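Everything quoted here is computed from the prediction, not taken from an experiment. Just so you know, residue 1 is the first one in the sequence shown, and it goes up from there. Atoms within a ligand are numbered from 1 in the order they appear, just like the ligands themselves.
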Amino acid sequence: MSDRAKFIAGLPKAELHLHLEGSLEPELMFALARRNKVEIPFKSVEEIRAAYRFSNLQDFLDIYYQGANVLRTEQDFFDLTDAYLKRVAADGARHVEVFFDPQTHTARGIPFAVVADGILRALSEGVARYGVTSKLILCFLRHLSEEDALATLIAAEPYLDRLAGVGLDSSERGHPPSKFRNVFEAARERGLLLVAHAGEEGPPEYIHEALDILGIDRLDHGNRALEDAALVRRLAHEKMTLTVCPLSNLKLCVVTDLKQHPLKRMLDLGLRATVNSDDPAYFGGYLNDNYNAVAEALDLSHDDLVTLAKNSFLGSFLSEADKAKHIAAIDAYAGRAQS
Ligand code: ADE
Ligand code: ZN
């Protein structure tokens, strides 16, 4: 292991952009297909992995929604979430803020409660089991209607005290944030925090809409902000956190080569960028794989890595006291690593 990889491995960090359904490893997909007697169009784990070649976001989403079909019971959602927590704890994660897509499941007849109960039980047990605290974010699928999103928010009412916020994901092009103005307003009125995927494939205008129309508290991806200098200045001035996903960007052809990845430019421009894995089972890497790949490609320094780890806590929805505690742990670790 290189010095940099060792430094990354021990660095306390948070993950702020992770779709639980995107952490479904082929092995678990197979096991759940067998357990639930669900047919899947693959004969082996190798065949599944071989199918994971994408040329854009939609290519990926088609196979990702198909994969989620094996998730049926509360125990399935528990197992999915527990496996992710165990894996990310091994990467030095101390806190995670994870997405789930209830509409992917309710559309198949799985009750909202089955999904939410399994996930929440694993998140709650994850604190003692793995030393990882967590928050849960409900994502609306943007290729569906705003009425469908509103119905999902209503279905979530008994769980509002256990949800940190709502987000917006799925097919970005042709589905601007403005389509979800009312449901985001309703979520804000219910005390939820707001995030949205914007500027992954969609234009900078979608980021403007997420800020001005949805009033987001955090921006997921945001890569294409760099095409708009005034927008970059605004994001830096507002200390908006960007949850950047390097290996996802590579696998979905948002960048052609990690050496061209905008992460370092974002830091140099004063943006509060963070590193995240998005859908690790599909993109070939968990949190530290993302740190390692992008650090190698962009020759990131220890200072850059410390900034990224600090940003992950500063951009979290933790209390100021908890943020301060994690930042102090990073400073202590970096100090020890130097001496
Ligand atoms: N759902 C899961 N991963 C996603 C991504 N990278 N962009 C949009 N929707 C998603
Ligand atoms: Zn995402």
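The closest approach between Glu172 and ligand 1 stays at or above 4.0 Å for every heavy atom of the residue. At least one heavy atom of Phe60 sits less than 4.0 Å from an atom of ligand 1. Note on ligand 1: Gly22 sits outside its first shell, no heavy atom being nearer than 4.0 Å.
Among all non-hydrogen protein atoms, the one lying nearest atom 4 (C) of ligand 1 is His19 NE2, 3.6 Å. Here the heavy atom of the protein found nearest to atom 9 (N) of ligand 1 is Ser170 N, 2.8 Å.
For Glu296, the CD atom sits in a loose shell: 12 or fewer heavy atoms of surrounding residues, nucleotides or ligands are nearer than 6.0 Å. Heavy-atom neighbours of Asp268 CG from other residues, nucleotides or ligands within 6.0 Å: above the threshold of 12.
The tally of protein N/O/S atoms under 2.8 Å from the Zn ion (ligand 2) stands at 4.
Applying the ring pair (Phe, Tyr, Trp, His ring centres under 6.0 Å) test to His326 and every residue at least two apart in sequence or in another chain returns Phe313.
A cation-pi arrangement is found for Lys13 relative to Tyr291, the charged atom lying closer than 6.0 Å to the ring centre and inside a 45° cone about the ring normal.
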Compile the donor-acceptor pairs under 3.5 Å between side chains in residues 186-198 and protein atoms, sequence neighbours left out, one pair per line.
unit_1	atom_1	unit_2	atom_2	d
Arg188	NH2	Leu214	O	2.9
Arg190	NE	Glu157	OE2	2.6
Arg190	NH1	Ala186	O	3.0
His197	ND1	Leu168	O	3.0
His197	NE2	His17	NE2	3.0
His197	NE2	His19	NE2	3.1

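Taking a cut-off of under 4.0 Å to the non-hydrogen atoms of His221, the atoms of ligand 1 that pass are 6 (N).
No continuous path of ILVMFWY side-chain contacts below 4.5 Å connects Phe78 to Leu136, so the two sit in separate hydrophobic clusters.
The ring-ring contact (aromatic ring centres under 6.0 Å, His included) contacts involving residues 240-266 comprise nothing, where partners must be two or more places apart or lie in separate chains.
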Checklist entry - Stepwise, does the salt bridge (Lys or Arg N to Asp or Glu O under 4.0 Å) test hold for Asp331 with Lys310? => result CA-CA 9 Å; Asp331 281 331; Lys310 286 187 176 178; 2.7 Å; yes
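In Tyr64, the part holding a heavy atom less than 4.0 Å from any atom of ligand 1 is the side chain. Within the 4.0 Å heavy-atom criterion, the part of Glu200 lying near ligand 1 is the side chain and not the backbone.
Side chains of Asp304 and Thr307: no donor on one and acceptor on the other come within 3.5 Å.
Note on ring orientation: taking the six-membered ring where Trp is involved, the planes of His302 and Phe7 are parallel (angle under 30°, cut-offs 30° and 60°).
Remark: among candidates Leu61, Asp101, Leu18, Asp278, the nearest residue to atom 6 (N) of ligand 1 is Asp278, based on non-hydrogen atoms.
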